[in-house]
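Chain naming here is simple, since letters A, B, ... match the order of the sequence lines and numbering starts at 1 in each. From a predicted model like this one, the values you see are computed outputs, not experimental measurements. Because only heavy atoms are used, hydrogens play no part in the values below, and waters and symmetry mates are left out as well, while side chains stay in.
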Protein chains: 2
Amino acid sequence: MPRVSDEHLAARRRQILDAARRCFLRNGFHATSMQDVISEAGLSVGAVYRYFGSKHELVTSIAESVLDGADELFATLAAAEPPLPLVEALDRALQFVESQTGPDGVFPLAIQVWAESLRDPALAEFITRLYGRFRSRFVELARRAQQAGELPADADAEAVGAVLFGLIPGFALQRVLAAGPDPKTYLDGIRALLAGHGVAE
Amino acid sequence: MPRVSDEHLAARRRQILDAARRCFLRNGFHATSMQDVISEAGLSVGAVYRYFGSKHELVTSIAESVLDGADELFATLAAAEPPLPLVEALDRALQFVESQTGPDGVFPLAIQVWAESLRDPALAEFITRLYGRFRSRFVELARRAQQAGELPADADAEAVGAVLFGLIPGFALQRVLAAGPDPKTYLDGIRALLAGHGVAE
DNA sequence: CAGTGTAAAACGAACGTTCGTTCCTTGACT
DNA sequence: AGTCAAGGAACGAACGTTCGTTTTACACTG
């Protein structure tokens with residue numbers, strides 16, 4: 001089928017990426033062979049190698065698409081007008097993450113990306129930059145909560161933002177690895193902490 | 001050396017496990033070949049296979065030893081007499097984790113164990129049980145903080161414990177993947193949250 | 001104490017498989 | 001007729017593991 005449309009090419013790419021995502025979710029990056037991806041996509045070796053030059057390129061593409069989605073939500077939460085109360089912003093973030101922790105969600109893939117980034121400097125740099133951006137969203141959230149009087153005026157927004165961001169993977173990990181509590185319960189815990197009796201300082 | 005002492009056998013095992021740990025830290029479980037481990041240990045193929053029946057057994061042994069250490073600390077923190085103030089307990093937990101986030105620490109290995117557990121039901125069950133125990137330590141911490149008046153009397157200790165525990169991997173992940181703040185800054189953020197202005201109920 | 005038998009520890013060549021990738025061929029569409 | 005997406009046989013390398021051989025330390029004899 002020569003001279004096919006651009007949409008056809010894009011669709012083929014997506015077809016391969018979707019197949020790869022399913023395989024990677026099922027077996028992990030390393031235990032998935034190119035043949036697995038190729039069979040899952042219902043294509044031939046040659047066809048797949050026309051669209052992706054190597055397995056590594058497939059892994060990288062998946063990694064980027066997996067993580068890009070979350071930033072959009074976090075950006076929305078941080079920029080909401082009027083500013084969202086802390087608890088509500090966290091509620092929304094937790095619900096999003098919760099929706100991605102199942103076997104079909106992307107969070108298990110994210111864990112694999114973390115592991116992969118420990119050995120792949122290029123991927124590590126991508127991750128560092130993206131997660132830095134994630135954190136900056138939560139710093140912004142903290143700053144605005146501070147202005148709204150939800151946090152002490154002298155608090156370090158950078159520090160609070162880091163903690164708020166840390167709550168998210170902390171929740172997701174427990175959900176996936178340790179049969180953790182549901183988002184509602186987790187949020188109750190956060191609320192209780194926020195309502196703390198001023199023991200610090 | 002036939003008929004060697006039990007200490008010799010144990011030392012050989014440790015020799016192999018240490019070599020494997022170094023290799024796994026350097027290249028990850030999957031990208032490390034048995035030959036890598038064997039060369040690193042300075043032994044022969046046959047010698048290593050005398051002590052460990054398969055590569056998988058090596059991975060499992062490493063995983064267990066990596067995670068067992070942390071529980072000891074968490075148990076100590078939860079059982080301290082008199083009860084530790086929340087902030088101080090978290091401080092100690094963060095400092096411990098911090099000491100394990102470097103290239104020589106075990107935290108990078110823990111990330112790989114997480115990824116591995118997604119495909120290995122036996123490992124997953126081990127992880128679930130262990131992390132459940134981790135969380136229960138923090139629940140105990142929360143309960144005692146509650147009795148000391150550091151948390152609202154009507155708070156759900158289970159929920160708060162889960163959040164407190166979640167702070168730990170949340171910190172470590174940022175430290176390893178996203179050039180996150182140091183433990184002191186992170187703790188400042190936690191303090192600011194605890195001092196929150198009672199916005200939640 | 002010397003000599004010898006033996007069981008166990010260590011060795012490493014070799015095996016069958018599977019890997020990611022290459023590259024030539026095929027055939028549908030312009 | 002020409003172009004190019006798609007196909008798939010074939011390749012060399014590397015994998016985890018097996019297994020027959022060699023080496024070693026100790027027990028037992030005289």
Side-chain angles (χ1 to χ4, degrees), chain A residues 1-63 112-113 115-116 119-120 122-123, chain B residues 1-24 26-63 112 115-116 119-120 122-123:
Chain A
M1 311 147 182
R3 268 290 142 68
V4 295
S5 65
D6 284 357
E7 302 93 62
H8 175 91
L9 294 178
R12 270 275 187 274
R13 249 189 93 91
R14 208 163 24 244
Q15 175 183 358
I16 295 168
L17 280 177
D18 285 351
R21 202 168 49 84
R22 285 192 296 274
C23 289
F24 291 158
L25 265 172
R26 196 184 307 131
N27 279 3
F29 291 148
H30 293 281
T32 295
S33 70
M34 285 302 277
Q35 200 48 244
D36 291 339
V37 175
I38 287 156
S39 301
E40 179 81 23
L43 291 174
S44 66
V45 179
V48 169
Y49 271 91
R50 171 170 300 279
Y51 292 89
F52 295 92
S54 67
K55 185 185 184 181
H56 187 260
E57 195 176 322
L58 218 40
V59 170
T60 305
S61 293
I62 293 280
Q112 294 186 48
V113 172
E116 197 63 16
R119 307 186 307 104
D120 179 346
L123 187 55
Chain B
M1 311 150 180
R3 269 291 145 68
V4 295
S5 65
D6 284 358
E7 301 94 64
H8 175 91
L9 295 177
R12 270 275 187 274
R13 250 189 92 92
R14 205 161 29 241
Q15 175 182 359
I16 295 168
L17 280 177
D18 285 350
R21 202 168 49 85
R22 284 193 296 273
C23 289
F24 291 158
R26 196 185 307 134
N27 280 358
F29 292 148
H30 293 282
T32 295
S33 70
M34 284 302 277
Q35 200 47 244
D36 292 339
V37 175
I38 287 155
S39 302
E40 178 83 22
L43 292 174
S44 68
V45 180
V48 169
Y49 271 92
R50 171 169 299 281
Y51 291 89
F52 295 92
S54 68
K55 185 185 185 183
H56 187 260
E57 196 175 320
L58 219 39
V59 170
T60 304
S61 293
I62 293 280
Q112 293 187 48
E116 198 62 17
R119 308 187 306 104
D120 178 347
L123 187 55

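- For the segment residues 13-28 of chain A, no residue has any heavy atom less than 4.0 angstrom from an atom of DNA chain D.
- Contact check for B:Arg22 versus B:Val37: no side-chain heavy atoms found under the 4.5 Å cut-off.
- Here the closest non-hydrogen pair linking A:Phe29 and A:Lys55 is O-NZ, 3.1 Å.
- Here the shortest heavy-atom pairing between A:Gly28 and B:Arg119 reads N-CD, 3.4 Å.
- Note: CD1 (A:Ile38) to P (C:dG20) measures 9 Å, nearest angstrom.
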Close N or O pairs between protein and nucleotides 14-16 of chain D (under 3.5 Å):
residue	atom	partner	partner atom	Å
D:dG16	OP1	B:Thr32	O	3.4
D:dG16	OP1	B:Lys55	NZ	2.8
D:dG16	OP2	B:Met34	N	2.8

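- The two residues A:Ile16 and A:Leu58 make their nearest non-hydrogen contact at CG2-CD1, 4.0 Å.
- Using a 4.5 Å heavy-atom cutoff, the side chains of A:Arg50 and A:Arg12 are not in contact.
- Atom P of nucleotide C:dA10 and atom CZ of B:Phe52 are separated by 13 Å, given to the nearest angstrom.
- Closest approach of A:Asp36 and A:Cys23 over heavy atoms only: O-SG, 3.7 Å.
- Side-chain contact between B:Leu17 and B:Tyr51 is absent, with no heavy-atom pair separated by less than 4.5 Å.
- Contact annotation: A:Arg50 side-chain N/O to D:dG7 OP1/OP2 distance is not under 4.0 Å.
- Atom OG of B:Ser61 and atom NE2 of B:His56 lie 10.0 Å apart (nearest 0.5 Å).
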Pairs under 3.5 angstrom, nitrogen or oxygen only, protein versus nucleotides 8-12 of chain D, please.
residue	atom	partner	partner atom	Å
D:dG8	N7	A:Gly46	N	3.2
D:dG8	O6	A:Gly46	N	3.1

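- For the pair A:Tyr51 and D:dA6, the criterion of a side-chain N or O lying under 4.0 Å from OP1 or OP2 is met.
- Interatomic distance, NE2 of B:His30 versus CD of B:Gln112, reported as 8.5 Å (0.5 Å rounding).
- The two atoms that bring A:Thr32 and A:Asn27 nearest to each other are OG1-CB, 3.5 Å, heavy atoms only.
- Rounded to the nearest 0.5 Å, atoms OG1 (B:Thr60) and CZ (B:Phe52) are 10.5 Å apart.
- Summarising the geometry, the separation between NE2 on B:His8 and C1' on C:dA8 is reported as 11 Å, rounded to the nearest angstrom.
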